[in-house]
Colleague: 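One structure follows; several queries about it will come next.
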Amino acid sequence: MSTRHVENPKGADLPSRQRLLNRYRQYLQFADMKISAGDRIGAENDFQHAEHFLRSAAEQKDTDQI
């Protein structure tokens, strides 16, 4: 039994750009809550996650234009 993976040139398997931007905003909110609670390290972790989703959304935009 073989598993075949066919790549879609338009990136249909990737999450939508809007969903990625929603996750970006969500992690920014998490970071704000942690800063309010005095958890700077936890907030930094959430900022890093937010940055990941922002970069992923930018990549998704690039693949949508192909």
Side-chain angles (χ1 to χ4, degrees):
M1 181 193 260
S2 72
T3 303
R4 201 173 100 204
H5 178 73
V6 178
E7 288 188 34
N8 186 336
K10 288 209 173 242
D13 294 336
L14 298 174
S16 73
R17 184 168 187 265
Q18 187 59 49
R19 192 172 340 153
L20 292 167
L21 290 173
N22 288 342
R23 296 286 289 181
Y24 164 73
R25 287 188 279 278
Q26 182 182 29
Y27 273 100
L28 288 179
Q29 289 177 343
F30 291 157
D32 285 341
M33 287 188 293
K34 287 182 181 171
I35 287 172
S36 296
D39 183 3
R40 289 185 4 220
I41 294 173
E44 180 61 33
N45 183 36
D46 288 334
F47 282 132
Q48 289 176 3
H49 279 84
E51 181 181 11
H52 162 75
F53 285 108
L54 183 62
R55 288 175 185 258
S56 295
E59 288 176 11
Q60 181 70 26
K61 182 179 178 185
D62 291 343
T63 60
D64 288 347
Q65 294 175 356
I66 294 176

Colleague: Considering only distance and modelled atom types, tabulate donor-acceptor pairs under 3.5 Å from the side chains of residues 30-40, sequence neighbours left out.
Modeller:
| from | atom 1 | to | atom 2 | distance (Å) |
| --- | --- | --- | --- | --- |
| Lys34 | NZ | Asp46 | OD2 | 3.1 |
| Ser36 | OG | Asp32 | O | 3.1 |
| Asp39 | OD1 | Gly42 | N | 2.8 |

Colleague: Sequence neighbours left out, what pairs pass side-chain hydrogen bond (donor to acceptor under 3.5 Å, both in side chains) with at least one residue falling in residues 20-31?
Modeller: Gln18-Asn22, Asn22-Arg25, Arg23-Gln26
Colleague: Run the side-chain contact (heavy atoms from CB on, under 4.5 Å) test on Leu54 and Leu21 for me, step by step, so that the C-alpha distance in whole Å, both residues' side-chain angles and the decisive distance to 0.1 Å come before the verdict.
Modeller: CA-CA 6 Å; Leu54 183 62; Leu21 290 173; 4.2 Å; yes
Colleague: Taking only residues two or more places apart in sequence, or in another chain, which ones meet Glu44 in a salt bridge (Lys or Arg N to Asp or Glu O under 4.0 Å)?
Modeller: none
Colleague: Checking His49 side chain against Asn45 main chain: does a donor-acceptor pair fall under 3.5 Å?
Modeller: yes
Colleague: For the residue pair Ala50 and Leu28, what are the closest heavy atoms and their distance?
Modeller: CB-CD2, 3.9 Å
Colleague: Identify whether the distance between the nearest side-chain nitrogen and carboxylate oxygen of Glu59 and Arg55 falls below 4.0 Å.
Modeller: no
